[in-house]
Amino acid sequence: MLWLVFTTGACNLRCDYCGGSFPNSVVPWRPRYGLEDLRRLIESDPDATVIFYGGEPLINARYIMRFMDSVRARRYGVQTNGLLHRLLPDEYWRRMDVALLSIDGREEVTDRHRGRGVYSKVLEAARRLRSLGVETIARMTVTQDSNIYEDVTHLLGLGLFDKIHWQLNVVWTKRWNLESWAERSYLPGLRRLMDLFMKSLREGIVLRIIPILGVISAAIFRPFEGVPCGAGYRSVAVSTDGRVLACPIAVRERWAVLGSVDKGFRLMGPRLAPECLRCPYRPYCGGRCLYAIMERDWGDEGFAAVDKVTRAYLDVVLSAVPEVKELIAKGVVRPEDLYYDPTKDSTEVIP
Ligand code: SF4
Ligand code: SF4
């Protein structure tokens, strides 16, 4: 199972699609539960992946060290903006399996939303972490300023990231004209990206672009039972106040509280929106995002707009599946290279 462990609610940046720190009263800036209680919970899971989360988790690098010194897990990782990578010594980085580094693509796009100089600092972090054997994932937020083809290929070309993932800046921010941007820019860019993916695949090379790879994996190996991130059924978030939550974004929502570190918790199982129950895309989409299903911050009309884009993106990826299967049958690509489990990396697959 995936355990997203908040080390703090504080953040050192104020990216414009997020706004920065949680209030200390909502996600305390230091853990307030007994680490021994959490150790017992996590060590009872023989397949635990622990991903440090925040705020910016490296603000509390001391807690990461204490945690890694006392809690056994199969996999460790961190979702970070990378700026404070120096706070964690090499010996701890060497024990991390994966680091998800926030970067939006080209320098001007990243720095416009995250702050001047952020892009070059993230690259510096990626260089160091890779040299220490940590797998790096570029974690992009895609806005109307993004050009999905240009930004993803830019990151691939740097040779500093093992995988690329993105999420659309929808639902969390004010409603914007997603539909017209998707028609004009996003979907044509995705088609080009898919062509690039297939061109490489014909040469036996798998480009590890998670929104493509994850859907192909679901189509070939195992459909998603629920939201790909696993929220509430294969993944939990442990807040610094000791609450165990279904989703790390739902820090204020009662439906997300599954229990607590000291008293234990119960998983809620996969939960789907009524729209998803009768949707033919469900095996490859899984309902996309539990938080979006429950909160509908853009209303039903906004949910439908995001959904339309999701289905169009899925059509682009799924159209390649027959050829992918042929390439496997011909031995051009090994099936195991196309398998992807998002809960090992804490990614959402569906942007
Ligand atoms: S495409 Fe939309 S309706 Fe279908 S499963 Fe995904 S989120 Fe649900
Ligand atoms: S994809 Fe949605 S449900 Fe899953 S962790 Fe992210 S916000 Fe939560």
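FYI, the numbering just counts along the sequence from 1. Bear in mind that the values here come from a model prediction, so they are computed numbers and not experimental data. Each ligand, and each atom within it, is numbered from 1 in the order the structure gives. What's counted below: heavy atoms across the whole structure, side chains too, no hydrogens, waters or symmetry copies.
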Legend entry - Pair Y340-D345, side chain to side chain donor-acceptor pair (under 3.5 Å): steps then yes or no: CA-CA 9 Å; Y340 186 68; D345 284 348; 2.7 Å; yes

Inset, instruction - Walk me through it: do E348 and R288 pass the test salt bridge (charged side-chain N to carboxylate O under 4.0 Å, His left out)? - result: CA-CA 8 Å; E348 302 84 357; R288 187 176 167 272; over 6 Å; no

Legend entry - Steps toward side chain to side chain donor-acceptor pair (under 3.5 Å) verdict (D145, H113): CA-CA 9 Å; D145 294 332; H113 293 280; 2.8 Å; yes

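In this structure, L88 and A61 approach most closely via the heavy-atom pair CD1-O, 4.1 Å. Scanning all heavy atoms of the two residues, the minimum distance from F6 to S239 falls at CD1-CA, 3.8 Å. Between S70 and L35, the closest heavy-atom pair is OG-CD2, 3.4 Å. When every heavy atom of G226 is checked against every heavy atom of P270, the shortest pair comes out as CA-CB, 3.9 Å.
Here D307 reaches atom 2 (Fe) of ligand 1: one of its N/O/S atoms is less than 2.8 Å from the metal. Residue C285 does not count as close to atom 4 (Fe) of ligand 1, with no N, O or S atom under 2.8 Å.
Taking the six-membered ring for Trp and the full ring otherwise, F303 and W298 have centroids separated by 6.0 Å or more.
The atoms of ligand 2 that sit less than 4.0 Å from any heavy atom of Y291 are 2 (Fe), 3 (S), 7 (S). Near R282, meaning under 4.0 Å from one of its heavy atoms, ligand 1 places the atoms 5 (S). Residue contact check: C279 has heavy atoms under 4.0 Å from atoms 1 (S), 3 (S), 4 (Fe), 5 (S) of ligand 1. Near A231, with a cut-off below 4.0 Å to any heavy atom, the atoms of ligand 2 are 3 (S). Listed by number with element, the atoms of ligand 2 under 4.0 Å from a non-hydrogen atom of L290 are 2 (Fe), 3 (S). The C276 neighbourhood of ligand 1 comprises atoms 3 (S), 5 (S), 7 (S), 8 (Fe), with distances under 4.0 Å to a heavy atom of that residue. Every atom of ligand 1 is numbered from 1 in the order shown, and the set under 4.0 Å from a heavy atom of G287 is 5 (S), 7 (S), 8 (Fe).
Here the protein heavy atom with the shortest distance to atom 8 (Fe) of ligand 2 is C247 SG, 2.4 Å. Scanning the protein heavy atoms around atom 6 (Fe) of ligand 2, the nearest turns out to be E348 CG, 3.9 Å. Of the protein's heavy atoms, C289 SG, 2.3 Å lies nearest to atom 2 (Fe) of ligand 2.
With respect to V170, the side chain to side chain contact (heavy atoms under 4.5 Å, CB included) criterion is satisfied by exactly one of D297, V306, V309: V306.
Side-chain contact check for D307 and Y281: no donor-acceptor pair (N or O, by modelled atom type) lies under 3.5 Å.
Put simply, no part of A273 is less than 4.0 Å from ligand 1, judged by heavy atoms.
With a 4.0 Å cut-off on non-hydrogen atoms, C229 touches ligand 2 through its side chain and not its backbone. Counting heavy atoms under 4.0 Å from ligand 2, residue I249 touches it through the side chain alone. When non-hydrogen atoms are compared, ligand 2 lies under 4.0 Å from the side chain of P248 (C-beta onward) but not from its backbone. Contacts of Y53 with ligand 2, taken as heavy-atom pairs under 4.0 Å, are absent altogether.
Note on ring orientation: taking the six-membered ring where Trp is involved, the planes of Y291 and W255 are tilted (angle from 30° to 60°).
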